[in-house]
Number of protein chains: 2
Amino acid sequence: MEKLSTRDRIIEAAYTLFSEKGYHGTSTREIARAASVSEVTLFRIFGTKESLFEEVLKTKSIIPDLVAMIRDVENHSLEDLLFSLAKKFYYTLVSKKKFIMITFSEVNQYSEKIIDIYQKLIDQIDELLVKIFSKYKSTNKDFNLKIIAMAFRGMIFNLFLTNEILLRKNITKSEITHILSSYVKIILNSINR
Amino acid sequence: MEKLSTRDRIIEAAYTLFSEKGYHGTSTREIARAASVSEVTLFRIFGTKESLFEEVLKTKSIIPDLVAMIRDVENHSLEDLLFSLAKKFYYTLVSKKKFIMITFSEVNQYSEKIIDIYQKLIDQIDELLVKIFSKYKSTNKDFNLKIIAMAFRGMIFNLFLTNEILLRKNITKSEITHILSSYVKIILNSINR
DNA sequence: AACTTAAGTAAGTGATTACTTACTTACATG
DNA sequence: CATGTAAGTAAGTAATCACTTACTTAAGTT
């Protein structure tokens, strides 16, 4: 158990509360109490509630994790590679669940700039998948690999969304593994046939 | 252009504002102004902000639409059937975009009862798909039809989420058609092989 | 003409919000 | 020992919030 700095304790408390009750649903007094600091300290460090919010988003963003995931792809058979990617993607989402909840509840207020960042990240994931697919595919003509990539990404993200966020199901790790490996097989069937 | 009742005008205004700025981010004064009524009228009709919110959810819920979608399935070839289901699902989501945005921004505060309603709806969709699949499938052993149903539902929902909510892309109807028909082919490949 | 209904206006309630000011305490470092 | 730093306390600001009261207006309906 590390001792967190005052600043970090406030960020952690704000992160959790914003993800649970949204930006407008959380008061600064509440954040301060959850962090065991006085509200004055919160304002001394962050100035305004909004800049605290920005610091939370900056500190807790999922984007570096996903960029790392793309970078760290290993060289296996196609099936192993897709399966390990699927797991990494799923568990990255799980570990960043609170961030994703904040993203969803604040999604309408995002600027062009933030939307563009997400756009590029999604494009990168799809491009990586297409690159992997095209290295291994047998003869296929009538299938657009980019659409298969979108489908793969979509299945996994939606599995996360349904189980972890909407229904809050306690699904076992082996069930997840089974579903993800089935998803990989669905994709493989579409690439090689 | 229909003339809406005062009550309906308030519900429409609240629906839009809640979907754009969330429950806590929207004030009753704002709703009244958007509906061109006095705030007093709003409270006379709905009593509290929360019961107005409940009326909005009741009136605008996506659930009856999805139940109708399940009921109205037609008898075509497997490919046609899945394709028309995919389109109906996608465009139902699009027409209920605001409702889905409210759902997402308020998802943490849902009760067991509401979660159960969604759980049952999702189960019904998957069961319908499994029933359709199993009527048409050729010999297959190593594939769990329920997982294929989840995959299909996930691809389509995620397409909607990415294009319509996260990135707000203006994607053409023919592009959607193309992607959805590709998704159907991915699924068909997994059922018959 | 009398009455009902659906709306409005004006004013104000107490609670809560983000944020500030002024002063204090405790501790670590030179 | 003196000083700087990071925190706290107490009190209060102006604005906004959901919601209320009291009274009025306009348009049917009986």
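The figures that follow rest on heavy atoms only: side chains count, while hydrogens, waters and symmetry mates do not. The chains referred to below are lettered A, B, ... by the order of the sequence lines, with proteins before strands, and numbering in each begins at 1.
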Scan nucleotides 4-19 of chain C nucleotide by nucleotide, 5' to 3', and note B when protein non-hydrogen atoms come under 4.0 Å of the base, S if they reach only the sugar-phosphate, - if neither.
---BBBB------BSB
A/T16 (side chain) donor-acceptor with A/A13 (main chain) under 3.5 angstrom
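A pair under 3.5 Å: no.
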With a 6.0 Å cut-off on ring centres, are B/F18 and B/F53 close enough?
yes
Heavy-atom count around [X] [atom1] within 6.0 Å, excluding the residue itself: above 12?
X: A/K21; atom1: NZ; result: no
X: A/N170; atom1: CG; result: no
X: B/R168; atom1: CZ; result: yes

Just report the end-to-end axis angle for the helix from C/dA1-D/dT30 to C/dG30-D/dC1, five pairs per end, to 10 degrees.
0°
What is the distance, rounded to the nearest whole Å, between atom CG of B/L17 and atom C1' of D/dC17?
16 Å
Applying salt bridge (charged side-chain N to carboxylate O under 4.0 Å, His left out), can you list everything that pairs with A/K135, at least two apart in sequence or on another chain?
none
Distance under 6.0 Å and angle within 45° of ring axis: B/K173 vs B/Y91
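Yes, B/K173 and B/Y91 form such a contact.
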Pi-cation contact, B/Y23 with B/K49 (under 6.0 Å, within 45°):
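The answer is yes; both the distance and angle limits are met.
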